[in-house]
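Read the structure below first, then the notes.
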Amino acid sequence: RTGNTMGLFDRAKNAFGGGAAGSDWAEQAQAEQAFANQELKNVGYTDGSPVTMANAADVSAQASADHDVLNAYGQELNRIIAIGTSGTSVITALTDTGERTAGNPWFLVEFTVTLPGQAPYAAQSKQMVPAVGLTLYAVGTAHYINVVPTDPLKTAFTS
């Protein structure tokens, strides 16, 4: 019986990456730490070194500040979408500002707005455009947009 019980535990250990048939847990932990360090570097919180007691407060403060910026940005976009007049737009220029929030780049987006019953007009806004969505905002692309009725330069892309 003891042999069968040990065999069961050995099989479970091997199935979850331990033992001779699986990966070494220490190697997996090191690989995960290296991944986390790289992600923290990618978003600009560290230089790629691990978070330690010495830098934890700075990393936490930056992450909190980025959270606040992202939250405020999202709330403003939602507000504009909720109260805005719907129209269309065409991107005329896209310029990287060099600013980053949580690793995401900000762009100055220039576009032409067309609202029902009004002449088209030029506008611009600073938008966060993640790298994976950058091609969606290429010059010449058309988008639905909402515009604050009392301030036609306050806009939010809805497509």
Side-chain angles (χ1 to χ4, degrees), residues 13 15-19 22-115 120-159:
K13 185 169 131 182
F16 291 103
S23 302
D24 178 55
W25 286 100
E27 287 177 18
Q28 286 182 0
Q30 287 176 341
E32 290 300 319
Q33 185 63 57
F35 177 78
N37 293 343
Q38 185 60 46
E39 289 302 304
L40 287 169
K41 181 180 179 181
N42 291 346
V43 297
Y45 295 158
T46 69
D47 61 1
S49 57
V51 175
T52 64
M53 292 301 292
N55 67 358
D58 291 338
V59 171
S60 178
Q62 184 61 50
S64 180
D66 282 355
H67 172 270
D68 293 346
V69 168
L70 293 171
N71 191 38
Y73 178 62
Q75 287 181 358
E76 178 63 2
L77 291 176
N78 286 334
R79 183 188 76 80
I80 293 169
I81 291 168
I83 67 167
T85 301
S86 296
T88 59
S89 65
V90 176
I91 307 279
T92 57
L94 187 69
T95 307
D96 190 335
T97 66
E99 297 173 64
R100 302 287 184 270
T101 300
N104 293 302
W106 289 89
F107 289 84
L108 179 63
V109 183
E110 298 176 47
F111 46 94
T112 302
V113 176
T114 303
L115 297 175
Y121 66 93
Q124 65 181 20
S125 67
K126 192 167 105 174
Q127 301 281 327
M128 181 184 297
V129 182
V132 296
L134 196 53
T135 58
L136 299 174
Y137 289 88
V139 171
T141 57
H143 299 270
Y144 291 109
I145 195 166
N146 277 24
V147 178
V148 174
T150 57
D151 187 349
L153 298 180
K154 285 198 181 271
T155 61
F157 292 103
T158 58
S159 70

How far does OG1 of Thr92 sit from CZ of Phe111, to the nearest 0.5 angstrom? 8.5 Å

Looking at every heavy atom in both Leu70 and Ala102, which two are closest together, and how far apart are they? CD1-CB, 4.1 Å

Would you name the heavy atoms of Ser125 and Thr155 that are closest together and state the gap between them? OG-OG1, 4.0 Å

What's the shortest heavy-atom distance between Trp106 and Val69, and which atoms? CZ2-CG1, 4.0 Å

Quick one: do Asn104 and Tyr73 satisfy side chain to side chain contact (heavy atoms under 4.5 Å, CB included)? Show the steps, please. CA-CA 13 Å; Asn104 293 302; Tyr73 178 62; over 6 Å; no

If a pair satisfies side chain to side chain donor-acceptor pair (under 3.5 Å) and one of its residues is in residues 44-59, list it, with sequence neighbours excluded. Tyr45-Asp66, Asp47-Ser49, Thr52-Asn55

At their closest point, which heavy atom of Thr97 faces which heavy atom of Leu108, and how far apart are they? CG2-N, 3.7 Å

Residues that Tyr137 engages under ring pair (Phe, Tyr, Trp, His ring centres under 6.0 Å), provided they are two or more places apart: His143, Phe157

Do Glu110 and Val139 come within less than 4.5 Å of each other through their side chains, counting heavy atoms only? no

Pairwise distance OG1(Thr158) to CG(Leu77) - rounded to 0.5 angstrom: 10.5 Å

What's the separation between atom CG in Asp68 and atom OG1 in Thr101, rounded to the nearest 0.5 Å? 11.0 Å

Within a 6.0 Å radius of atom NZ on Lys41, are there more than 12 heavy atoms belonging to other residues, nucleotides or ligands? no

Ile81 and Ala156: which non-hydrogen atoms are nearest, and at how many Å? CG1-CB, 3.9 Å

Nearest 0.5 Å, what's the CE-CZ distance between Met128 and Arg100? 10.0 Å

Under 4.5 Å between any side-chain heavy atoms of Gln62 and Val43, yes or no? no

Using side-chain heavy atoms (C-beta onward) and a distance below 4.5 Å, is Val129 in contact with Leu136? no

Does the side chain of Thr88 come within less than 4.5 Å of Tyr144's, by heavy atoms? yes

Considering non-hydrogen atoms only, spot the tightest contact between Pro120 and Thr112 and give its length. CB-CG2, 3.9 Å

For Leu153, give me all partners under side-chain contact (heavy atoms from CB on, under 4.5 Å), at least two apart in sequence or on another chain. Tyr121, Ala123, Asp151

Looking at Pro149, is its backbone amide N or carbonyl O close enough to the side chain of Thr85 to form a donor-acceptor pair, meaning the two atoms are under 3.5 Å apart? no

